[in-house]
Amino acid sequence: GCKGLVTLSGAEALTLVNDCHPESIIMSLSLADMEGSRVLERLKHDLATRHIPVAVIAASDCKTKAMEKGALRFLDTADARPENLEGLLEELMAYASGQRRPVLVAEPDSARREKIVKLLSGSGLAVLEAADAEAAASKAAQAEAIVIAPRSPESLTTDMLSAIKA
């Protein structure tokens, strides 16, 4: 289980975060005394709180702003049903508990790919591998980050990025 702290005030939310050290935060961008995006920005620029995963629940037109300010996840208010909220909370708690986070290594050269995978292996990451654009595209949705080796041919890098975006 978990304990929840609730406030409608951005200033009070920042105080609660500093006093109570939560493992995760679910917040709205509509707060009584200040813009929620400002609260999120302050959380993510403070070394003491920037590691805390934050999910934002707001209207769909706020998604880009929330993600740019550092939200880990976004839930549209139109989708804020109990099952979606429960899933969001579970995801935040898993993230905060330090479960292995997936990273995709996209590198066509197997020797270089193996070196990169070896470097990342002991760091608490679940490393996914892709040798070509098609494999990168199929695995990209599972990854939180993608490493594209700097010496990959530019055409291959472009192909991989295009395939991932599609």
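Throughout, numbering of the chain's residues begins at 1 and tracks the sequence.
Listed for the K44 side chain is no donor-acceptor partner under 3.5 Å among the backbone atoms of T49. In this structure a side-chain-to-backbone donor-acceptor pair under 3.5 Å is missing from D33 to S9.
When all heavy atoms are compared, the tightest approach of S24 to I52 is CA-CG2, 3.7 Å. Of all heavy-atom pairs spanning A11 and M34, the tightest one is N-SD, 3.7 Å. Closest heavy-atom contact between L31 and G36: CD1-CA, 3.7 Å. When all heavy atoms of A80 and L75 are compared, the closest pair comes out as CA-CD2, 4.0 Å.
I25 and L16 are members of different hydrophobic clusters when ILVMFWY side chains are connected at heavy-atom separations under 4.5 Å.
In this structure, the separation between CG on L92 and CZ on R73 is 8.5 Å, given to the nearest 0.5 Å. Between E83 atom CD and L88 atom CG the span is 12.5 Å, to the nearest 0.5 Å. One distance of note links CD of E23 with NE2 of H51; it measures 9.0 Å at 0.5 Å rounding. A distance of 13.5 Å separates CD1 of I116 from NZ of K118, quoted to the nearest 0.5 Å.
Looking at T7, D19, V39, D46 one by one, the single match for side-chain contact (heavy atoms from CB on, under 4.5 Å) with L14 turns out to be V39.
Applying the salt bridge (charged side-chain N to carboxylate O under 4.0 Å, His left out) criterion to R113, with sequence neighbours excluded, gives E129.
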Which atom pairs, one a donor and one an acceptor, fall under 3.5 Å between side chains of residues 58-72 and the rest of the protein, sequence neighbours left out?
unit_1: K65; atom_1: NZ; unit_2: E35; atom_2: OE1; d: 3.3
unit_1: K69; atom_1: NZ; unit_2: E41; atom_2: OE2; d: 3.1

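Residue pairs meeting the side-chain hydrogen bond (donor to acceptor under 3.5 Å, both in side chains) criterion with at least one member in residues 133-143, sequence neighbours excluded, do not occur.
With a 4.5 Å cut-off on side-chain heavy atoms, V17 and P22 count as touching. Using a 4.5 Å heavy-atom threshold, the side chains of I26 and L85 count as separate.
Counting non-hydrogen atoms of neighbouring residues, nucleotides and ligands closer than 6.0 angstrom, the CG atom of L8 reaches no more than 12 such neighbours.
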